[in-house]
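One structure below.
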Amino acid sequence: MRTDHDNRRVAGYKTMALIRHFDKKAVNLQRTGRLGTYASCLGAEAIGTAAGLALTRDDYFVPYYRDHATLYLRGVPLHQILQYWGGDERGNAFPADSDARRDLPYCVPIATQLTQAAGIASAAKLRHEHAAVLATCGDGATSRGDFYETLNVAGVWQLPLVVLINNNQWAISVPRGLQTACASLADKAVAAGIPGVQVDGNDLDALLEVLDDALERARAGKGATLIEAISYRLSDHTTADDASRYRKASDLHRAWQNEPVRRLRDTLAEAGLWDAQRETDWQQQCERTVEEAIDTYLNLPPAPATDMLDYLYAELPAALRDQRSALAAVDQEVRHG
Ligand SMILES: [Mg+2]
């Protein structure tokens, strides 16, 4: 008989397979000039999916730029994820009825989202919410001041915060070995007085166990946790990068032997939870779902030019008022031809 745990793993696999297909198509859209610079999540499917499965509706998610699987599981439609990467700010206005309704949008600057997550966690604590804040970052972000300041305040204020590092071994072209002299990124929790945990970032089951524990500790008022998920970036840094210029093909080949999607599929098949027919059916479903999302994205009406200011400022600075008026006039022209 299937347990809840089995169902969760199968749901996790289906999301991971869907996101892998979506990711490939997103890169193709960029290559054919129909998407802006895109950050692939190839190899990070287990991390993003585990985060999405472990979060509850009342939690807050503060993403960095590779968290497509998590945002999808929070209820952000795939076409809206493409909309954001296509340069349309409306992609960041997550559906008001979804779990993502209070989540922060994608963060491209490195580590600035972490201090914001600490602020949200501080507010949640003051309001006595039974909620955790999950913030993600890459290995490169752990060298930033924002990262250390966040962990410090999370420790001393006992914040309901979980910081999840996707250690994919590369910060653009900087390898993990040149990033820090620290033996592990999880060790950076020691100075903040919070638990630091290392986990296999290609293992959905292990990720779920660690994330469930850390988020429940946070919700229960027991404080923050740092998690280092060890994985490997199988893609270029973004579509604006060419990793073959600095990365050995043999290292990449080795990393593929341990990639998370096939690994989980094999584990589920061994347990009798998946088979070739289910795989064929699901791959077809993934293709249909992603094609529909692309179709919706490509047929969206163009964004108003004023969005570039309206989504940036709560109150428009006086110096930009004239520029906004000029942009509004352009929008008027576009609308009326
Ligand atoms: Mg990295």
Side-chain angles (χ1 to χ4, degrees), residues 16 19-20 23 26-27 30 37-52 61-71 85 104 106-115 117 134-148 150-151 162-189 196-204 206-207 210-211 226-256 258-261:
M16 286 164 61
I19 291 299
R20 174 152 301 179
D23 194 72
V27 172
Q30 191 278 337
T37 300
Y38 172 74
S40 165
C41 66
L42 190 63
E45 295 90 350
I47 298 172
T49 299
F61 180 51
V62 180
Y64 85 127
Y65 45 78
R66 282 191 217 284
D67 294 318
H68 319 312
T70 320
L71 286 173
W85 291 100
L104 261 51
Y106 281 107
C107 184
V108 173
I110 303 305
T112 57
Q113 75 278 17
L114 299 177
T115 48
L134 177 66
T136 55
C137 65
D139 39 304
T142 67
S143 298
R144 301 278 306 184
D146 311 62
F147 174 83
Y148 291 102
T150 299
L151 292 196
V162 177
V163 175
L164 171 63
I165 307 163
N166 171 3
N167 176 5
N168 63 14
Q169 314 303 326
W170 294 94
I172 311 187
S173 58
V174 177
R176 161 64 181 84
L178 295 181
Q179 190 63 245
T180 174
C182 210
S184 85
L185 302 183
D187 279 354
K188 296 190 177 197
V197 188
Q198 261 189 333
V199 62
D200 185 339
N202 292 342
D203 182 339
L204 184 80
L207 282 159
V210 166
L211 278 162
L226 177 66
I227 300 172
E228 176 190 6
I230 299 172
S231 186
Y232 197 91
R233 194 191 76 206
L234 297 172
S235 62
D236 295 331
H237 170 67
T238 65
T239 50
D241 175 45
D242 174 7
S244 70
R245 294 177 61 183
Y246 54 81
R247 186 166 68 180
K248 282 195 213 145
S250 55
D251 288 353
L252 183 61
H253 178 76
R254 196 173 321 118
W256 268 105
N258 194 32
E259 66 93 357
V261 177

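Counting starts at 1 for both ligands and their atoms, following the listed order. Values below: every heavy atom of this structure, side chains too, minus hydrogens, waters and symmetry copies. Counting begins at 1 with the first residue of the sequence. Since the model is a prediction, treat every value here as computed from it, not as a measurement.
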Which of the N/O/S atoms in Asp139 sits closest to the Mg ion (ligand 1)? OD1

Under 3.5 Å, is there a donor-acceptor pair between the side chain of Thr70 and the main chain of Gly48? yes

Any N/O/S atom of Ala171 sitting less than 2.8 Å from the Mg ion (ligand 1), backbone or side chain? no

Can we say Arg20 and Asp23 salt-bridge, meaning some charged N sits less than 4.0 Å from an Asp/Glu carboxylate O? no

With the threshold set at 4.0 Å, does a side-chain nitrogen-carboxylate oxygen contact exist between Arg247 and Asp241? no

Short side-chain donor-acceptor distance under 3.5 Å, Ser143 and Gln179: yes

Does any N, O or S atom in Asn168 come within less than 2.8 Å of the Mg ion (ligand 1)? yes

